[in-house]
K.L.:
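Pasting a structure here, questions to come.
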There are 2 protein chains.
Amino acid sequence: MSKNLTKRSEDYSKWYNELVVKADLAENSGVRGCMVIKPYGYAIWEKMQAALDAMFKETGHENAYFPLFIPKSYLSKEASHVEGFAKECAVVTHYRLKMAEDGSGIIVDPDAKLEEELIVRPTSETIIWDTYRRWIQSYRDLPILINQWANVVRWEMRTRLFLRTSEFLWQEGHTAHATEKEAVAEAEQMMNIYAEFAENHMAVPVIKGLKTETERFAGAIETYCIEALMQDGKALQAGTSHFLGQNFAKAFDVKFTSKEGKQELVWATSWGVSTRLMGALVMTHSDDKGLVLPPKLAPIQVVIVPIYKGDEQLDAISERIAPLLKELRAKGVSVKYDNRDTYKPGFKFAEYELKGVPIRLAIGQRDMDNGTFEVARRDTLEKETVQADEIVAKIEFLLEDIQKNIFQKASDYRENHITEANNYEEFKDILKNKGGFISAHWDGTPETEERIKNETKATIRCIPIDVKLEDGVCILTGKPSKNRVLFAKAY
Amino acid sequence: MSKNLTKRSEDYSKWYNELVVKADLAENSGVRGCMVIKPYGYAIWEKMQAALDAMFKETGHENAYFPLFIPKSYLSKEASHVEGFAKECAVVTHYRLKMAEDGSGIIVDPDAKLEEELIVRPTSETIIWDTYRRWIQSYRDLPILINQWANVVRWEMRTRLFLRTSEFLWQEGHTAHATEKEAVAEAEQMMNIYAEFAENHMAVPVIKGLKTETERFAGAIETYCIEALMQDGKALQAGTSHFLGQNFAKAFDVKFTSKEGKQELVWATSWGVSTRLMGALVMTHSDDKGLVLPPKLAPIQVVIVPIYKGDEQLDAISERIAPLLKELRAKGVSVKYDNRDTYKPGFKFAEYELKGVPIRLAIGQRDMDNGTFEVARRDTLEKETVQADEIVAKIEFLLEDIQKNIFQKASDYRENHITEANNYEEFKDILKNKGGFISAHWDGTPETEERIKNETKATIRCIPIDVKLEDGVCILTGKPSKNRVLFAKAY
């Protein structure tokens with residue numbers, strides 16, 4: 001099975017595309033740009049959702065649900081917002097089909113044209129702020145801390161599974177506050193929550209930072225982001241949190257009466273992560289044999305493969321396994337006992353390697369005789385023989401150790417791929433020969449950013465939150481600069 | 001607050017509409033026919049989802065996600081299916097907006113017309129069976145047991161919050177089987193799971209049955225359903241499970257190689273429940289003071305209201321309450337301590353009655369002196385004084401007792417509203433004066449069903465699963481009949 005997987009060193013992009021399909025994560029559908037998320041991939045997404053949802057609720061957020069459709073006029077109310085999304089909108093214009101009168105088939109009924117076209121939400125700021133206007137009168141109604149799990153549509157021309165699809169799943173938080181300070185704190189808090197999730201659950205190290213004006217969300221005053229680094233040296237934006245100022249409150253006329261009795265505009269944030277995280281997860285850890293999943297997100301954490309000839313031997317193994325299955329499940333470990341007799345052990349081993357199951361146990365006659373298991377860990381592919389009475393402790397240790405180890409490995413890679421460039425030649429050289437993040441001085445203008453992008457395909461991923469003041473000169477223009485920013489080619 | 005709620009006896013329909021909004025469950029949005037599900041309503045839906053999802057997974061189902069859009073040609077492949085849904089489809093025809101050249105605003109870009117129109121899914125059989133064709137080759141690939149949590153759109157002309165909205169949330173199961181027998185068993189199993197969920201979690205008694213040909217799902221061979229009865233004597237279809245035969249396998253050419261090496265068409269089921277269940281929940285239990293929620297689905301199961309003058313007294317109460325909050329939470333009880341000083345106790349009492357919180361504890365100075373709580377249960381509105389050392393046991397008892405009691409109350413109402421009618425006059429009389437289910441003989445023809453519907457607005461809700469053979473004559477035509485069916489006016 002895995003022998004058919006293209007090697008990363010041969011063609012990283014092809015390796016990714018193949019892996020997502022072969023490991024049963026997702027596939028393309030009959031609808032251009034829209035994917036089918038298969039059960040194994042969706043099970044990982046469900047674990048991501050559960051972890052994030054708990055973090056949102058712990059910080060006082062509630063879930064709600066807003067309409068899929070946005071009247072065209074709503075989108076237009078915030079000028080930079082509509083400019084950002086108009087070019088990639090799915091537009092509903094009719095509400096009925098009918099049989100063609102010439103019997104040629106089913107057609108759109110021209111008599112069922114909508115008075116106003118509806119946009120399939122690319123994001124929900126406009127419909128939500130139209131709602132918040134009704135919900136907010138007084139400072140007592142604030143803050144509003146709401147999250148929505150939903151599907152959104154952005155009509156992409158070039159799509160790739162998880163990384164860029166016309167429809168994707170995400171969560172979008174939309175909060176309303178009485179003060180600028182509180183809204184900024186919220187936007188920062190959510191960036192921190194995303195970073196914590198990425199690092200502790202996905203085992204993906206991220207850099208927290210601010211987007212430049214060019215890269216900001218359409219309608220935001222400030223966009224906070226977390227940026228991850230893939231194994232091919234390209235960056236991937238893994239989550240964004242926006243301080244929206246009063247832009248949407250102005251556009252939708254959302255005011256509140258303050259404690260002092262004054263009418264004031266409401267302050268806003270929005271923040272989201274999407275099924276794109278699945279792409280980041282795959283590309284950060286996986287290898288030429290297939291997926292490598294962090295134990296915290298693996299749908300199957302442990303698989304047990306019996307090696308046997310004949311039913312009698314299988315029954316004996318199954319009997320030996322039964323109490324272990326029970327004990328592991330009682331401890332909340334997700335374990336699968338694969339006793340299918342339609343496939344051989346070698347095939348199963350390759351399948352679970354491909355699917356990134358963190359721990360594989362094998363048990364054959366010799367293990368039965370010796371009271372042992374063969375234990376293989378997916379991250380390092382190391383194997384060892386473990387006594388049956390130590391197996392539960394071993395599994396518990398490995399689940400933690402694999403989680404730590406793959407995070408450490410990704411962190412080491414990332415640390416080795418943040419390189420300082422002090423002039424444009426160095427910059428281009430690093431981009432070409434090493435990749436990764438390049439820490440360089442920039443004169444702060446969109447024009448320079450644009451020129452570097454056009455000439456090298458590298459964009460400014462972020463101005464890191466912990467950036468140090470340092471006098472320098474822009475690598476392109478030589479103009480003065482007060483701090484470095486991080487450039488990279490990006491997904 | 002609750003004093004503004006219309007009484008059920010005055011105008012049941014108005015009572016419902018007001019209650020859904022006032023209790024913060026949902027409201028209409030700026031998009032015709034689409035609702036906003038507010039955090040309190042969504043929290044109930046999340047509890048429903050969690051319970052159903054666990055039941056699906058226990059029975060071997062996995063979640064996945066399929067595209068929102070369905071190419072028009074897919075819909076057309078199954079003849080009765082397209083006939084059923086063509087009249088209420090939201091149709092995407094374009095993929096871009098642009099600024100009008102005359103500067104009049106943003107318009108649909110005529111150059112961005114889709115080659116083939118896309119339908120926003122009204123249900124997903126067609127896109128899913130197009131996918132299953134790729135997944136199914138051999139009997140080894142079967143069964144496929146997949147569920148999807150999603151939004152769907154059916155363009156309704158007259159909408160009501162939860163009961164009938166253009167967009168709604170639901171789950172749709174889609175399974176594929178090697179044999180007819182297995183598919184029928186699956187369809188029946190899911191009907192039973194829905195019934196178990198309705199009765200054990202929602203405390204809503206339901207009748208399990210089969211739909212008549214007229215009322216069947218578009219494309220089904222047999223539709224199993226669960227039917228509930230609302231307090232106004234109208235029935236509400238709470239869930240359906242369809243045996244689809246080989247209709248979709250034929251339409252999408254989905255075949256498998258059997259064990260015997262023969263090419264055979266795959267057998268199918270689909271089944272779903274939606275946010276409509278929220279309407280059933282509200283209308284089954286609630287009263288003139290507001291919602292009555294079953295403890296198993298209540299976002300807040302216990303609310304504690306302190307009655308105090310001044311901060312010192314509040315602090316003393318808070319201190320007394322702290323260990324109780326901790327103990328209840330450790331036991332998994334969802335408890336809210338409402339120490340807001342912006343509202344008076346009487347206002348809070350009315351608010352929690354309106355919102356259907358099952359148990360309310362109040363504690364004032366006298367309770368502090370006596371070591372007691374005042375405990376009020378929402379279902380019966382009874383109050384009693386309980387010693388502090390008995391309060392946890394009392395709460396645990398009440399959570400179970402309220403769940404049982406409201407189910408019993410609804411069951412009694414339902415039993416008192418299944419009436420036999422032996423002729424058309426009786427039938428019309430019961431419909432007019434009593435409502436509820438009417439058990440009557442019918443000649444089995446769609447024509448008679450249609451005439452009765454047109455003349456009385458009553459439809460056949462189902463042929464109950466446990467129907468008894470009984471010779472009789474059709475109430476309308478006098479033709480012979482072998483069993484009674486259940487009629488009712490319905491939502």
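Just so it is clear: chains get the letters A, B, ... in the order the sequence lines come, proteins before strands, and each one is counted from 1.
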K.L.:
Hey, which of B/I107, B/L169, B/I70, B/L97 has the most heavy atom pairs under 4.5 Å with chain A?
P.N.:
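The candidate making the most pairs under 4.5 Å is B/L97.
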
K.L.:
I'd like to know which of A/E62, A/Q148, A/H94, A/M99 tops the heavy-atom pair count under 4.5 Å against chain B.
P.N.:
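Option with the top pair count is A/H94.
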
K.L.:
For the interface with chain B, which of A/T131, A/V31, A/I119, A/I127 has the highest count of heavy-atom pairs at distances below 4.5 Å?
P.N.:
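The residue among A/T131, A/V31, A/I119, A/I127 with the greatest pair count is A/V31.
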
K.L.:
For B/N63, is it the side chain, the backbone, both or neither that has a heavy atom under 4.5 Å from a heavy atom of chain A?
P.N.:
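Looking at B/N63, backbone and side chain both touch chain A.
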
K.L.:
Counting only non-hydrogen atoms closer than 4.5 Å, does B/R340 touch chain A with its backbone (N, CA, C, O), its side chain (CB onward), both, or neither?
P.N.:
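No part of it gets close to chain A.
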
K.L.:
Between A/Y343 and chain B, with a heavy-atom cut-off of 4.5 Å, which part of the residue counts as in contact: side chain, backbone, both or neither?
P.N.:
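Looking at A/Y343, just its side chain touches chain B.
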
K.L.:
Enter the distance from B/T93:OG1 to A/K113:NZ here, rounded to the nearest 0.5 Å.
P.N.:
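The NZ atom of A/K113 is 8.0 Å from OG1 of B/T93, to the nearest 0.5 Å.
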
K.L.:
Counting heavy-atom pairs closer than 4.5 Å to chain A, which one of B/W149, B/F85, B/W155 comes out on top?
P.N.:
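The candidate making the most pairs under 4.5 Å is B/W155.
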
K.L.:
Taking side chain as everything from C-beta outward and backbone as N, CA, C, O, which of these in A/N28 sits under 4.5 Å from a heavy atom of chain B? Side chain, backbone, both or neither.
P.N.:
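For A/N28, the contact with chain B is made by the backbone alone.
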
K.L.:
Which region of B/L75, side chain (C-beta onward) or backbone (N, CA, C, O), has a non-hydrogen atom less than 4.5 Å from a non-hydrogen atom of chain A, or is it both or neither?
P.N.:
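Only the side chain of B/L75 comes within 4.5 Å of chain A.
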
K.L.:
Which answer fits B/M35, side chain, backbone, both or neither, if we ask what part of it has an atom under 4.5 Å from a heavy atom of chain A?
P.N.:
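Only the backbone of B/M35 comes within 4.5 Å of chain A.
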
K.L.:
Under 6.0 Å from the CD atom of A/E83, do we count more than 12 heavy atoms belonging to anything else shown?
P.N.:
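No.
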
K.L.:
Can you tell me if NZ on A/K87 sees more than 12 non-hydrogen neighbours from other groups inside 6.0 Å?
P.N.:
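12 or below, so no.
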
K.L.:
Would B/F69 and A/R32 satisfy side-chain contact (heavy atoms from CB on, under 4.5 Å), going step by step from the backbone distance to the final call?
P.N.:
CA-CA 10 Å; B/F69 298 129; A/R32 212 198 58 78; over 6 Å; no

K.L.:
Should we count NZ of A/K98 as having more than 12 external heavy atoms under 6.0 Å?
P.N.:
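Buried by this count: over 12 neighbours within 6.0 Å.
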
K.L.:
Non-hydrogen atoms of chain A under 4.5 Å away: do they reach the side chain of B/W45, the backbone, both or neither?
P.N.:
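Looking at B/W45, nothing touches chain A.
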
K.L.:
Which region of A/L118, side chain (C-beta onward) or backbone (N, CA, C, O), has a non-hydrogen atom less than 4.5 Å from a non-hydrogen atom of chain B, or is it both or neither?
P.N.:
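Just the side chain, heavy atoms under 4.5 Å.
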
K.L.:
Give, for atom OG of B/S29 and atom CZ of A/F66, the distance between the pair rounded to the nearest 0.5 Å.
P.N.:
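B/S29 atom OG to A/F66 atom CZ measures 10.0 Å (nearest 0.5 Å).
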
K.L.:
Select, from A/V82, A/D130, A/V108, A/D109, the one with the greatest count of heavy-atom pairs under 4.5 Å involving chain B.
P.N.:
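Winner by heavy-atom pair count: A/V108.
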
K.L.:
Which atoms of A/E117 come close to chain B, meaning under 4.5 Å heavy atom to heavy atom: side chain ones, backbone ones, both, or neither?
P.N.:
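Only the side chain of A/E117 comes within 4.5 Å of chain B.
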
K.L.:
What part of A/E46 gets closer than 4.5 Å to chain B, counting heavy atoms only: side chain, backbone, both or neither?
P.N.:
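Just the side chain, heavy atoms under 4.5 Å.
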
K.L.:
Ignoring hydrogens and geometry, is there a side-chain-to-backbone donor-acceptor pair from B/K72 to A/I106 under 3.5 Å?
P.N.:
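Yes; judged by distance alone, with no hydrogens or angles, the pair exists.
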
K.L.:
For A/Y74 and B/G30, which heavy atoms make the closest approach, and how far apart are they?
P.N.:
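Heavy atoms only, the tightest pair is OH-CA, 3.3 Å.
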
K.L.:
What part of B/K57 gets closer than 4.5 Å to chain A, counting heavy atoms only: side chain, backbone, both or neither?
P.N.:
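Contact with chain A: side chain only.
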
K.L.:
Under 4.5 Å from any heavy atom of chain B, what part of A/E27 do you find: side chain, backbone, both or neither?
P.N.:
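For A/E27, the contact with chain B is made by the side chain alone.
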
K.L.:
What part of A/R140 gets within 4.5 angstrom of chain B, counting heavy atoms only: side chain, backbone, both, or neither?
P.N.:
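Side chain of A/R140 only, per the 4.5 Å heavy-atom cut-off to chain B.
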
K.L.:
Report yes or no: do B/Y65 and A/E167 form a side-chain donor-acceptor pair below 3.5 Å?
P.N.:
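Yes, side-chain donor-acceptor contact under 3.5 Å.
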
K.L.:
Begin with the C-alpha distance, continue with both residues' side-chain angles, and end with the deciding distance and a verdict on side-chain contact (heavy atoms from CB on, under 4.5 Å) for A/L68 and B/V120.
P.N.:
CA-CA 10 Å; A/L68 171 67; B/V120 181; 3.9 Å; yes

K.L.:
Give the C-alpha distance, both sets of side-chain angles, the deciding distance and a yes or no for side-chain contact (heavy atoms from CB on, under 4.5 Å) between A/Y42 and B/N147.
P.N.:
CA-CA 11 Å; A/Y42 199 83; B/N147 174 61; over 6 Å; no

K.L.:
So for A/T342, is it side chain, backbone, both, or neither that comes closer than 4.5 Å to the heavy atoms of chain B?
P.N.:
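Side chain only.
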
K.L.:
With respect to chain B, which residue among A/G105, A/A64, A/P71, A/C34 yields the maximal number of heavy-atom pairs within a distance under 4.5 Å?
P.N.:
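Most heavy-atom pairs within the cutoff with chain B belong to A/A64.
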
K.L.:
For B/M157 and A/Y95: C-alpha separation, side-chain torsions, deciding distance, then whether side-chain contact (heavy atoms from CB on, under 4.5 Å) applies.
P.N.:
CA-CA 10 Å; B/M157 281 305 155; A/Y95 59 86; 3.3 Å; yes

K.L.:
Given heavy-atom pairs under 4.5 angstrom as the criterion, report whether the side chain, backbone, both or neither of A/I146 touches chain B.
P.N.:
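For A/I146, the contact with chain B is made by the side chain alone.
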
K.L.:
Among B/I37, B/N151, B/V91, which has the most heavy-atom pairs under 4.5 Å with chain A?
P.N.:
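Heavy-atom pair counts peak at B/V91.
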
K.L.:
Can you tell me which portion of A/Y40 sits under 4.5 Å from chain B's heavy atoms? Options are side chain, backbone, both or neither.
P.N.:
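No part of it gets close to chain B.
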
K.L.:
Against chain A, work out which of B/V92, B/T165, B/I128, B/L114 has the most heavy-atom pairs shorter than 4.5 Å and name it.
P.N.:
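Most heavy-atom pairs under 4.5 Å with chain A: B/V92.
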
